[in-house]
Amino acid sequence: MSTSPQSAITIFFNVTPDDGQCFNPPEVFLWFISMIVISCTWSLLFGSFDFRKILQQLNIPLCAAKSTNFFISLTGSLVWNISMSILTAYILTTGGLESSAPLRYLLMAWFARPLPGAATMLASLFDYNAFRANLREIILVESIYALPPIYLFGTIASQSIKFSSRAQYYLAQDKHYHFGFALLRGGAAVDLLVWIILIISLVAISFILMEEGILEMSVYEDDMITLKLLTLCVLRCLGGGLLWVGSVQLSPANFCPTKLMIKKITLLWTFVPLVDVLWRGVWGVDQKYDGGGDD
């Protein structure tokens, strides 16, 4: 594993197998954009209210209480995404433990990547009401999914001051290193701030749900909660992009997965959002938009 001075704050992204090919900033950015586009495509194809009505005609046995179905929908989605993230981190370690960061570090880095929630919102604006339920579920799942990387944000934030003083010579070698460090530190700051606001927001939302229940909330309250969480998703997507691009810019030889690793991960995350949107389509009940009430 690299012992260069920047490793203290970029170790979370360290993948350097013998036959690896190093990513440059535009490549890592486009890689994540491609996965976001795939996720948005599945949401547009299978996340509409009309398609969900088709799924409900399959007569899949659901729970009598719609709130229970909603809980199962979100819990299953969260477990699925976390499980596939663990598998992704494992794939990045297949070059050997000596050539990569520990699995838990790579998992934190993958959690902190740019997520598709904000882009899904933009892609759904042409018919917002038809995709409202799918978008709300994605935003809620993303908000919980984004909690674990606090360790990554905190470590980068706390180590940045030490790094800037100890690695002055390294940063002076190339202006791109200094720019990468600024991006990395900025991304960590944005994500750390969003994490704090998110915790406060989730606590407040929990109190609202305990008092009213998710099925009894008005459409206005529902939309306001979704809007607040969506704003945090936009900021978190920005922070995740800055983190990954800044890491590659600061340490060009730090994230160098093999072509096979990239193919496996890209293929995996081509189908992860497809399974996710279909799962939520089966269990998620559009109680606000199909006439309401428990039939």
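These values consider heavy atoms only, across backbone and side chains, with no hydrogens, waters or symmetry-generated copies. FYI, the numbering just counts along the sequence from 1. Since the structure is predicted, the reported quantities are computational estimates derived from the model, not experimental observations.
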Original post:
Counting only heavy atoms not in Phe71, do more than 12 sit closer than 6.0 Å to its CZ atom?
Top reply: no
**OP:** Walk me through it: do Trp31 and Thr266 pass the test side chain to side chain donor-acceptor pair (under 3.5 Å)?
**Re:** CA-CA 8 Å; Trp31 186 43; Thr266 304; 2.9 Å; yes
**OP:** Kindly write out the residues that satisfy side-chain contact (heavy atoms from CB on, under 4.5 Å) with Leu260, not counting sequence neighbours, or none if the list is empty.
**Re:** Thr258, Lys264
Subject >> Residues that Asp19 engages under salt bridge (Lys or Arg N to Asp or Glu O under 4.0 Å), provided they are two or more places apart >> reply: none
Original post:
Are Leu242 and Val234 co-members of a hydrophobic cluster defined by side-chain heavy atoms under 4.5 Å apart?
Top reply: no
**OP:** Using ring-ring contact (aromatic ring centres under 6.0 Å, His included) as the criterion, list what pairs up with Phe255, not counting sequence neighbours.
**Re:** Phe23, Trp244
Subject >> Nearest-0.5 Å distance that lies between atom CG in Leu227 and atom SG in Cys233 >> reply: 11.0 Å
**OP:** Using distance alone, with no hydrogens and no angle criterion, decide if Trp279 and Ser73 have a side-chain donor and acceptor under 3.5 Å apart.
**Re:** no
Original post:
Just checking, is any N or O donor in the side chain of Ser77 or Trp283 under 3.5 Å from an acceptor N or O on the other one?
Top reply: no
Original post:
Are Asn254 and Ser247 close enough, and set up right, to give a side chain to side chain contact (heavy atoms under 4.5 Å, CB included), and what steps lead you there?
Top reply: CA-CA 8 Å; Asn254 192 52; Ser247 171; 4.1 Å; yes
Original post:
Under a 4.5 Å side-chain heavy-atom rule over Ile, Leu, Val, Met, Phe, Trp and Tyr, are Val28 and Ile11 clustered together?
Top reply: yes
Original post:
Taking only residues two or more places apart in sequence, or in another chain, which ones meet Asp50 in a side-chain contact (heavy atoms from CB on, under 4.5 Å)?
Top reply: Ser48, Lys53
Subject >> disulfide bond (SG atoms under 2.5 Å apart) involving Cys256 - partner list, sequence neighbours excluded >> reply: Cys22
Compile the donor-acceptor pairs under 3.5 Å between side chains in residues 101-127 and protein atoms, sequence neighbours left out, one pair per line.
{"unit_1": "Arg113", "atom_1": "NH1", "unit_2": "Trp110", "atom_2": "O", "d": "2.9"}
{"unit_1": "Arg113", "atom_1": "NH1", "unit_2": "Tyr145", "atom_2": "OH", "d": "2.7"}
{"unit_1": "Thr120", "atom_1": "OG1", "unit_2": "Pro116", "atom_2": "O", "d": "2.8"}
{"unit_1": "Ser124", "atom_1": "OG", "unit_2": "Thr120", "atom_2": "O", "d": "2.7"}

